[in-house]
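Structure first, commentary second.
Computation of the quantities below employed the complete heavy-atom set of this structure, encompassing side-chain atoms and omitting hydrogens, waters and symmetry-equivalent molecules. Every chain is numbered from 1 and lettered A, B, ... according to where its sequence line falls, protein lines coming before strand lines. Because the structure is predicted, anything quoted here is derived from the model rather than measured.
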Number of protein chains: 2
Amino acid sequence: MSHMGYGCLMALDRDHVLRAAAALLTRKSTATMDEVAKAAGISRATLHRQFAGRDALVRALEALGIAECETALDAARLDDGRAEDAVRRLVREAEPAAGLLAFLYTENQLFEGEEQHAGWARIDDRITALFRRGQQSGEFRIDLTPAWLTEALFGLLASAVWLVQSGKGAPKDFRHMTVELLLGGALRRDETRREES
Amino acid sequence: MSHMGYGCLMALDRDHVLRAAAALLTRKSTATMDEVAKAAGISRATLHRQFAGRDALVRALEALGIAECETALDAARLDDGRAEDAVRRLVREAEPAAGLLAFLYTENQLFEGEEQHAGWARIDDRITALFRRGQQSGEFRIDLTPAWLTEALFGLLASAVWLVQSGKGAPKDFRHMTVELLLGGALRRDETRREES
DNA sequence: CCGTGATGAGACATCAATGTCTCACATGGG
DNA sequence: CCCATGTGAGACATTGATGTCTCATCACGG
């Protein structure tokens with residue numbers, strides 16, 4: 001047998017391929033298996049050995065996205081301190097996975113089936129609970145439902161990814177754009193406005 | 001010839017087909033021409049007589065979306081009064097077209113080519129100008145670029161559409177969700193918060 | 001009643017992506 | 001040196017969507 005190097009190298013290869021596929025599919029969601037293989041620097045045959053087919057590849061990307069998202073949720077410690085700060089931590093931790101999430105977010109093929117990955121429900125629940133906690137503590141407004149705030153968080157993450165990819169926004173502004181619009185909105189929120197009113 | 005009924009009926013048919021296609025493709029962006037035809041209540045042959053192919057159909061939907069968007073922009077009178085109120089009018093006017101816009105928003109196939117419809121640039125310019133006006137008048141915060149606010153507007157519109165379609169949000173809340181989060185964000189913005197600070 | 005034109009149904013070829021296979025080659029350990 | 005394993009390249013069949021065609025039917029106006 002080819003021994004210990006086996007699991008290690010394969011895992012690295014697999015992860016590398018998934019990263020490359022995610023990067024490509026985020027830009028061009030209709031990319032061919034050939035293109036994915038080329039982007040990953042491997043042949044189509046090898047790609048097909050690692051992932052039974054396009055569907056399996058997308059499923060693996062979904063699992064990767066869910067895993068990274070849950071890692072981000074853990075690292076953000078959503079239950080600690082003020083909910084506003086937890087949201088800021090969450091966006092910061094989720095930023096590396098945002099590209100992949102943006103791709104998965106538009107892959108409605110994943111959600112139209114009757115059976116969808118239970119991970120999304122778990123993630124949804126945790127973020128929804130965070131916004132609910134913020135409402136109960138009086139930090140967040142209560143006229144926007146936690147479900148909507150959760151959906152908006154993902155939507156804004158995806159929008160920020162596309163803005164940066166199109167060159168109309170700077171990558172360094174990613175976190176500030178997302179979190180400030182989600183939490184504070186577009187209106188000014190300072191003394192000058194109180195004077196006017 | 002079949003005369004005056006010709007132009008009239010054809011136009012109605014064409015519009016009806018486009019509406020049905022938009023409704024279906026918004027839910028399932030990979031729908032087949034057969035499915036589109038079935039959804040529109042016509043045969044695949046007739047569908048193919050009206051639109052040379054799938055690409056032509058998507059292009060027609062794009063043109064329809066641009067036209068409806070520009071109609072909404074006109075009706076919203078973006079240059080009148082406070083920018084905040086203009087944004088509210090814009091969301092209200094754009095609501096009927098939101099489903100179609102959400103579909104086009106994720107159809108990145110439309111944007112990956114070197115040549116993209118000039119209508120999007122016009123629309124982007126008008127909305128960007130609105131946010132810039134709001135910043136110059138002191139209504140909007142200046143740390144979020146007009147380009148980002150424009151992107152976020154579309155992103156939130158699409159997110160709201162998907163939330164409603166998934167049943168996790170009520171259609172009647174559509175406008176309030178979108179405009180309130182875009183303008184005001186998730187944080188409370190009232191006296192209680194000032195007392196805390 | 002008869003023609004014109006649009007439609008629906010279906011057959012058919014085409015095409016692109018996919019899935020499967022074989023084979024030659026390189027690498028790395030024994 | 002030899003063998004085992006993973007890989008790249010390419011041929012091949014399959015599949016599903018698409019584009020094109022014909023033909024029977026139907027509605028409508030003359």
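Rounded to 10°, the helix from C/dC1-D/dG30 to C/dG30-D/dC1 has 10° between the axis fitted to its first five pairs and the one fitted to its last five.
Contact annotation: the side chain of B/Leu90 approaches that of B/Leu153 to within less than 4.5 Å [non-hydrogen atoms, C-beta and beyond].
Rounded to whole Å, atom C1' of D/dA9 lies 11 Å from atom NZ of A/Lys38.
For the salt bridge (Lys or Arg N to Asp or Glu O under 4.0 Å) condition, the pairs that include at least one residue of residues 90-101 of chain A, sequence neighbours left out, are A/Glu95-A/Arg175. For residues 39-54 of chain A, the set of pairs meeting the salt bridge (Lys or Arg N to Asp or Glu O under 4.0 Å) definition, not counting sequence neighbours, comprises A/Asp34-A/Arg44. Pairs engaging residues 125-136 of chain A under the salt bridge (Lys or Arg N to Asp or Glu O under 4.0 Å) rule: A/Asp74-A/Arg126 [sequence neighbours left out]. Sorted by first and then second residue, the salt bridge (Lys or Arg N to Asp or Glu O under 4.0 Å) pairs with a member in residues 151-172 of chain A read A/Lys168-B/Asp124; sequence neighbours excluded.
Residues that satisfy the side-chain hydrogen bond (donor to acceptor under 3.5 Å, both in side chains) test with B/Thr178, not counting sequence neighbours, are absent from this structure. B/Asp80 meets the side-chain hydrogen bond (donor to acceptor under 3.5 Å, both in side chains) test with B/Arg77; sequence neighbours excluded.
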For this session: Sugar-phosphate means primed atoms, P, OP1 and OP2; the rest is base. With that split, encode nucleotides 8-23 of chain C 5' to 3' as B, S or - using protein heavy atoms under 4.0 Å.
Result: BB-B-----SSBB---
Report all side-chain donor-acceptor pairs from residues 22-31 of chain A shorter than 3.5 Å, counting only partners two or more places apart or in another chain.
| residue | atom | partner | partner atom | Å |
| --- | --- | --- | --- | --- |
| A/Thr26 | OG1 | A/Ala22 | O | 2.5 |
| A/Thr26 | OG1 | A/Gly99 | O | 3.3 |
| A/Arg27 | NH1 | A/Ala23 | O | 3.4 |
| A/Lys28 | NZ | A/Glu35 | OE2 | 3.2 |
| A/Ser29 | OG | B/Asn108 | OD1 | 3.4 |

